[in-house]
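Structure first, then comments.
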Amino acid sequence: MDTTRIDLKKRIHRELEEARDRTRLLLEPLSEEQLTAQHDPIMSPLIWDYGHIGNYEELWLLNRAFGRSLADRELYDVYDASITPRSERPSLNMLGREDADRYLDAVRRAVVEELWRADLSGEDPLLKDGFVYRMVLQHEAQHNETMLQTLQLMKGEGYRPERMAPLPSGDPEGEEMVLVPGGAFVMGTDDRVWALDNERPAHEVDLPPFYIDRVPVTNRAYLRFVEDGGYEREELWAPEGWEWIREQKISAPKHWYQKEPHDWWTVCFGFDQPLRPDAPVLHVSWYEADAYARWAGKRLPTEAEWEKAASWDPQTGTKRLFPWGDEPPTPERANLDQLAFRPAEVGAYPAGASPCGALGMIGDVWEWTASEFSGYPGFESFPYREYSEVFFDDGYRVLRGGSFATRPCAIRNTFRNWDFPIRRQLFAGFRCARDA
Ligand code: AVJ
Ligand code: FE
């Protein structure tokens with residue numbers, strides 16, 4: 001076996017162990033009750049996410065890759081996301097905390113055994129260059145973010161993390177727009193190591209010139225929209241959005257409330273905090289982002305515009321993996337990796353600027369785009385339709401860029417997330433665009 005493959009296997013082993021350490025760190029402070037309760041009908045009980053992480057690892061890194069199984073059919077069904085919708089998961093016969101600990105450990109032992117024997121240099125596209133290991137790694141990271149969404153919805157005494165990371169302060173100057181010159185760029189990727197199926201294939205897209213906000217829309221800016229009667233003006237809203245905010249009596253982002261008129265507070269993982277004017281707005285739906293953009297005389301960027309602004313270097317005619325280049329994220333470049341537990345103020349990461357000068361495109365808050373989630377021309381689902389394809393052309397909107405709650409291995413310029421336009425549990429904000 002050639003030595004680079006041994007290094008790759010050691011690296012994969014380290015990455016898998018580190019992912020598990022994080023999952024357990026997040027769950028550590030929680031009581032039995034907090035683990036098993038359903039905190040919101042659109043979320044699973046946290047203990048389901050935990051068992052599902054282990055079962056997904058078994059499914060892909062033992063069963064599909066090597067034909068091995070530890071669990072029985074019944075357990076596979078309990079943790080199959082496509083069998084039971086989130087709202088019904090509390091009734092499932094899930095493993096309790098200690099049984100789940102043991103199950104995840106047993107799966108991991110067998111996975112590592114197989115890893116040392118695996119052929120990562122052959123033609124099997126699942127194993128080639130470690131693709132399926134990175135898919136499973138990103139799956140655990142994605143569920144970590146889902147778990148944080150659940151923790152943000154948890155009622156009661158609030159979530160006290162085991163560890164927290166500090167944030168740099170922002171530079172609220174520079175809320176103007178930056179120009180992205182017209183012309184063709186390469187959207188998506190042909191990468192088969194880290195990229196997931198919906199990011200492929202790479203294809204050329206020609207765009208007219210446009211302007212995009214240098215930084216995400218701040219709480220200060222969004223508050224002007226709220227206090228200008230933005231939620232009472234039908235003409236600003238998409239018709240279904242207007243109907244929905246009337247029905248649900250929505251008049252501000254989720255987790256916002258007023259102590260006195262004009263004295264706005266937010267609830268952050270169960271703790272009350274004054275609204276931070278220079279931080280990006282968080283917990284808005286696509287409909288709210290769309291209405292704000294109309295109020296501001298702008299619009300949401302399309303997915304292609306977002307990706308071009310984040311990745312395309314017109315000087316060299318090349319595409320960057322991250323806004324700042326191809327080097328991995330660091331705490332100087334972006335607010336990722338969960339432990340800050342909140343977005344930084346805008347402008348806090350000058351070292352993370354994209355070629356056009358946009359800031360904060362990776363990290364802090366997911367950014368809604370105008371686009372519906374669909375397959376790129378020539379899309380082929382791999383390795384399973386239920387990751388992306390079953391969600392195409394069904395009214396989901398695309399979000400880009402990841403949030404403070406996203407782990408670095410699960411974000412890059414080409415990464416695509418999606419949700420319904422009414423959803424507000426995501427760590428999502430937005431920035432606006434307009435035609436040049
Ligand atoms: C890509 C975040 C929309 O959570 O529904 C997790 C990721 N897929 N398990 C989701 C996912 C299977 C997915 N998102
Ligand atoms: Fe999953």
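All ligand and atom numbering here is 1-based and tracks the order in the structure.
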What is the name of the N/O/S atom in His143 that sits closest to the Fe ion (ligand 2)?
NE2
Ligand 1: protein N/O within less than 3.5 Å of ligand N/O:
from     : atom 1 : to     : atom 2 : distance (Å)
ligand 1 : 9 (N)  : His139 : NE2    : 3.1
ligand 1 : 9 (N)  : His143 : NE2    : 3.2

Between Arg64 and Asp124, does any NZ, NE, NH1 or NH2 come within less than 4.0 Å of an OD or OE carboxylate oxygen?
no
Aromatic ring proximity Tyr222/Phe225, centre distance under 6.0 Å:
yes
Answer yes if the ring centres of Tyr133 and Trp60 are under 6.0 angstrom apart, and no otherwise.
no
Could you check, using the six-membered ring where one of them is a Trp, whether Trp116 and His13 have ring centers closer than 6.0 angstrom?
yes
In a check of ring-ring contact (aromatic ring centres under 6.0 Å, His included) between Trp237 and each of Tyr231, Trp295, Trp244, which one passes?
Tyr231
Is a side-chain donor-acceptor pair under 3.5 Å present for Ser44 with Arg89?
yes
